[in-house]
Amino acid sequence: MAIERYNPRDAEPRWQQKWNDEKVFVTDNDDPREKYYVLEMFPYPSGRIHMGHVRNYAMGDVVARYKRARGYNVLHPMGWDAFGMPAENAARDNKVHPKEWTYQNIASMKAQLKAMGLSLDWSREFATCDVEYYHRQQMLFIDMMEKELVYRKKSKVNWDPVDNTVLANEQVIDGRGWRSGALVEQRELTQWFFKITDFSQDLLDALDTLDHWPEKVRLMQKNWIGRSEGLSIRWEIMPGTAQSDEREVAVYTTRPDTLFGASFLAIAADHPLAKEAAARDPAVEAFCEECRRAGTSVAALETAEKKGMDTGIRVRHPLDASWELPVYIANFVLMEYGTGAIFGCPSGDQRDLDFARKYDLPVVPVVMPKDGDAASFVIGDIAYDGDGVMINSQFLDGMTPAEAFDAVAARLAAMTLGNAPQGERKVNFRLRDWGISRQRYWGCPIPVIHCDDCGVLPVPKKDLPVKLPDDVTFDQPGNPLDRHPTWRYVACPHCGKDARRETDTMDTFVDSSWYFTRFTAPWENEPTNKAAANHWLPVDQYIGGIEHAILHLLYSRFFTRAMQETGHVDVKEPFKGLFTQGMVVHETYSRGKGAAREWIPPVDIRIEEAEGRRRAILLSTGEEISIGSIEKMSKSKKNVVDPDDIIASYGADTARFFVLSDSPPDRDVIWSEAGVEGAHRFTQRVWRLVSEACDVLKSAKGTPAKEGEALAISQIAHRTLKAVQADYDKLAFNKAVARIYEFVNALAVPLAKVAGGGADVAYREAVRDAVEILIAIVAPITPHLAEECSATLGNAHLIAMSAWPVADDELVVENDILLPIQINGKKRAELTISRDADQSAVKEAVLALDAVRSALNGQAPKKIIVVPQRIVNIVV
RNA sequence: GCGGACGUGGCGAAACUGGUAGACGCAAGGGACUUAAAAUCCCUCGGCCUUGGCUGUACGGGUUCGACCCCCGUCGUCCGCACCA
């Protein structure tokens with residue numbers, strides 16, 4: 001009988017249609033079964049999916065299909081992170097409206113995702129640029145305003161003075177605007193902020209509860225939040241040294257124990273005292289300006305030399321009234337952190353030491369190692385910041401730094417300056433409030449009205465949504481909302497007089513901070529259906545790239561808390577399980593050197609390999625092309641493989657199988673033509689083996705064998721089932737794939753035997769049972785192939801709706817085990833023995849082995865270590 | 001600079017809680033089938049020497065009956081944060 005090759009181009013759309021017709025993946029909120037919410041980070045609709053998407057969504061789909069088979073009511077939705085700059089850039093460059101561009105991109109990407117055969121509930125789909133979605137986001141914003149989780153303050157932005165526009169950080173290249181090339185200025189604008197810092201402590205503490213998150217991500221968030229415990233110390237300004245009536249300056253320190261080692265105060269260039277000093281001295285002014293400029297061009301000049309300038313202001317040491325210290329402006333002090341002022345202790349801090357040496361300030365060691373000698377301990381070029389014992393510190397001498405910290409805190413708390421304690425314990429965070437204002441068109445409008453008389457007012461909820469106007473142009477720089485002839489002008493909701501709309505729109509991170517909540521009831525008028533949100537949240541398994549480890553995940557954690565405070569949901573942590581998947585990488589190919597280097601896409605190349613040497617040949621000319629390093633797929637290096645091409649030539653199952661095989665899912669996977677062909681061979685092989693035997697198997701019912709020739713088949717089937725199940729539970733897709741390969745290899749001979757008619761009933765039934773198990777365990781990865789195989793065996797049910805098979809423990813347990821025998825820790829023999837043989841029986845059998853007897857040479861062994869069911873080691 | 005992760009064949013990788021290192025795949029080599037090719041099937045595949053051994057998980061030590069795994073040190077790669085007071 002001639003067996004046709006498996007044709008995914010025919011089979012895949014057929015099964016997708018069938019799943020769609022039967023609404024297999026539409027989720028009912030009222031289904032009483034236990035819930036499981038699996039979600040992959042939704043994509044930005046750039047227009048084409050890439051291999052990273054394929055890998056991300058393949059992983060989520062395996063989880064969704066597996067959990068569905070295990071009996072859960074699975075929610076697996078998809079949507080579009082659809083606001084953002086690229087749409088405006090496309091509008092400007094191609095004269096296409098952002099809306100039109102975005103929805104067209106969504107349509108083409110959706111078609112691509114559908115071709116992957118993902119088990120998504122498309123009925124819940126939305127884009128964040130849908131009015132229905134951002135309408136609810138505006139409702140949330142207003143609720144947050146009421147709870148005072150939103151406020152306005154002046155904040156710096158990157159301003160392009162030629163284009164008259166605000167630039168995002170990524171649009172600033174080497175301190176210049178990416179289009180105009182003009183030097184970017186820092187401008188102060190009044191902007192909207194979310195009070196994420198209200199939750200600093202909770203966001204930090206709750207990290208401990210996220211035990212299904214990668215440790216790495218939790219650590220990154222912990223560092224980002226940056227909690228420190230210290231002391232806020234108020235220093236008295238020596239009368240007459242400052243011009244204004246400022247009497248004191250506050251300093252935050254985590255090392256109050258080193259207070260006697262202080263030799264100067266340093267303040268940020270933006271500190272009020274610095275501004276005051278600048279106002280009366282042009283040299284100071286120039287220095288402050290220099291510091292500010294250095295702040296704009298970020299990491300480039302990070303090794304910048306420590307520089308400062310004396311303000312002339314003097315302060316009194318809080319623990320020694322006769323001690324005066326100078327106040328410097330320093331380029332390494334940041335206004336945004338602490339109080340924007342520090343005291344410098346050169347002996348204990350490298351920066352302070354560098355600074356002190358440069359400006360010839362005193363260096364007094366105050367902490368020395370425990371076994372040091374106070375009389376001879378001096379600081380050279382390296383500050384000592386370790387633990388030890390206090391010296392040169394009056395009443396602190398002899399204490400540990402920790403004891404000294406407490407002693408200083410207590411002393412300063414008891415002293416007063418003016419009417420307040422001179423020092424107070426203070427917890428400080430690095431985390432800053434979240435600035436959400438964007439001076440752009442393609443985003444969610446901030447639903448606020450400015451009235452000259454009534455101030456800043458929220459748009460009444462009945463007047464929502466504040467829709468983006470469609471009639472806008474992008475032929476000039478700046479925000480189209482700002483120059484719109486009518487949209488801005490509106491009556492004040494309070495007094496009715498002429499007022500103006502807010503023209504800022506929201507950061508797109510806001511859109512992605514609650515989409516997972518909206519998926520639980522996307523049809524609701526209110527932002528959430530609270531019962532549905534409480535039912536589905538937290539997301540059981542969230543899957544996405546490590547690049548979102550901090551911002552997106554932290555903002556989402558904040559936003560869920562804010563939604564809890566405003567009564568929209570009763571949970572505070574949105575993601576119970578988090579998995580960060582690796583990238584898809586590819587070799588690079590190029591010809592030419594230096595500026596003339598030309599990158600060649602993989603489709604234009606054929607790889608030849610002979611005698612261990614790989615060569616890349618350009619298809620069009622036969623020319624040899626040099627093979628470069630393996631890198632993230634990128635347009636600039638042209639090392640991209642288009643998922644459409646792969647699905648068209650090999651099918652979705654092959655693509656899904658390949659991106660999940662070989663590499664652990666959290667590591668990068670190398671895309672290679674040879675690898676894809678290997679995956680494709682596998683799908684073809686499964687089909688061939690099953691279809692060759694299907695005529696015979698059709699009439700056999702699936703029953704595992706408990707004895708005889710077929711026992712081994714049933715054993716490996718049920719053992720594989722149990723192992724793959726465990727692998728899927730751990731998201732160890734690559735290990736599941738390896739076991740599936742092993743299983744198929746083991747089934748090849750039995751299936752051929754069945755196909756050839758040489759098998760008895762019990763054998764055929766055992767093979768049928770094994771094949772059904774194979775279909776079930778490959779189905780999450782290659783769902784179309786599984787359906788096709790199942791159908792060819794005469795099954796009427798859909799695998800996508802079928803229960804996971806149950807492993808028969810009797811078949812899983814091994815009765816005889818193979819025990820490795822070591823002599824002095826080296827393997828010398830093997831012993832097959834009954835699983836429940838007791839220690840003495842094992843010892844006896846071991847000593848009877850030839851290899852053991854010759855090693856012992858008649859002597860008695862020193863020691864025999866029997867690790868039950870594992871290994872035996874004989875010490876001679 | 002600080003913090004973290006990692007280092008296993010030609011390559012991607014397995015190896016349970018300290019218990020046979022290299023499962024599985026890719027690549028390669030040999031063979032069968034074929035007029036031929038593709039497809040498929042079989043064999044070999046860490047290194048060294050002669051069967052049988054020796055050796056081998058970045059490198060140097062240590063703990064242990066036994067170490068890829070634990071400890072100390074060194075080297076290297078990658079990632080995150082970066083003047084955080």
Side-chain angles (χ1 to χ4, degrees), chain A residues 5 214-217 219-224 226-228 230-231 251-256 258 265-266 268 294 298-299 301-306 330-334 336-345 348-352 354-355 428-430 546-547 549-550 607 609-614 630 658 661-664 666-670 672-679 681-682 684-685 688 726 732 734-745 748 752 818-830 861-876:
Chain A
R5 278 170 67 82
E215 192 54 47
K216 179 189 170 122
V217 174
L219 188 69
M220 282 163 76
Q221 293 215 348
K222 186 180 170 209
N223 291 338
W224 188 261
R227 182 184 196 273
S228 68
L231 220 57
V251 159
Y252 176 73
T253 178
T254 56
R255 293 296 305 272
T258 64
L265 255 55
V298 203
L301 301 162
E302 277 306 345
T303 49
E305 195 188 348
K306 312 285 170 269
N331 64 346
F332 60 88
V333 179
L334 309 173
E336 295 79 24
Y337 188 79
T339 59
I342 63 160
F343 77 76
C345 172
D349 183 294
Q350 194 58 45
R351 272 173 333 194
D352 296 347
D354 294 346
F355 193 83
N428 204 38
F429 293 93
R430 203 192 80 116
I546 186 76
E547 67 272 20
I550 296 176
I607 299 289
E609 190 155 351
E611 274 103 54
R613 202 178 98 78
R614 298 179 68 236
I630 294 169
F658 179 58
S661 57
D662 283 352
S663 286
D666 52 348
R667 243 186 265 180
D668 292 349
V669 65
I670 301 171
S672 73
E673 198 61 20
V676 175
E677 274 164 15
R681 272 200 297 276
F682 169 81
Q684 291 293 344
R685 183 164 193 237
R688 183 165 25 81
N734 59 321
K735 289 196 231 170
V737 165
R739 288 189 219 278
I740 290 168
Y741 266 119
E742 236 170 347
F743 184 32
V744 171
N745 290 343
L818 186 67
L819 222 46
I821 310 303
Q822 293 183 332
I823 294 168
N824 292 334
K826 291 194 174 166
K827 190 194 156 195
R828 290 289 182 238
E830 282 177 344
K862 248 191 208 159
K863 200 171 174 185
I864 302 179
I865 294 140
V866 179
V867 183
Q869 292 164 43
R870 269 285 156 75
I871 203 165
V872 178
N873 192 11
I874 301 164
V875 188
V876 179

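By convention in this document, chain letters (A, B, ...) are assigned in the order of the sequence lines, proteins followed by strands, and residues within each chain are numbered from 1. Every value quoted in this text rests on a predicted model; they were computed, and no experiment measured them.
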Secondary structure of RNA chain B in dot-bracket form (Watson-Crick or G-U wobble, distances below 3.5 Å, | marking inter-strand pairs) = (((((((..(((......[....))).(((((.......))))).((((..))))..(((((..]....))))))))))))....
Syn or anti conformation of B:G9, syn meaning chi within 90° of 0 = syn
Quick tally for nucleotides 18-24 of chain B: nucleotides whose base has a protein heavy atom under 4.0 Å get B, sugar-phosphate-only ones S, the rest -, giving -BB--BS
Can you name the side chain to side chain donor-acceptor pair (under 3.5 Å) partners of A:Q221, sequence neighbours left out?
-> A:R557
5'-most contact on RNA chain B (nearest-nucleotide basis), A:I874 vs A:A674, goes to A:A674
Base, sugar-phosphate alone, or nothing: which one does A:S661 contact when heavy atoms must sit under 4.0 Å apart?
-> nothing
Send over the distance from A:D349 CG to B:C2 C1', rounded to a whole Å.
-> 13 Å
Measure the distance from CD1 on A:I630 to P on B:A13 and round it to the nearest whole Å.
-> 10 Å
Is A:K216 side chain donor-acceptor paired with the B:C79 base, going by distance under 3.5 Å alone?
-> no
For B:A39, does either OP1 or OP2 sit under 4.0 Å from a side-chain N or O belonging to A:R685?
-> no
Using a heavy-atom cut-off of under 4.0 Å over every strand shown, decide if A:R227 touches base, sugar-phosphate, or nothing.
-> nothing
Separation of A:K826 atom NZ from B:C65 atom P, in whole Å?
-> 17 Å
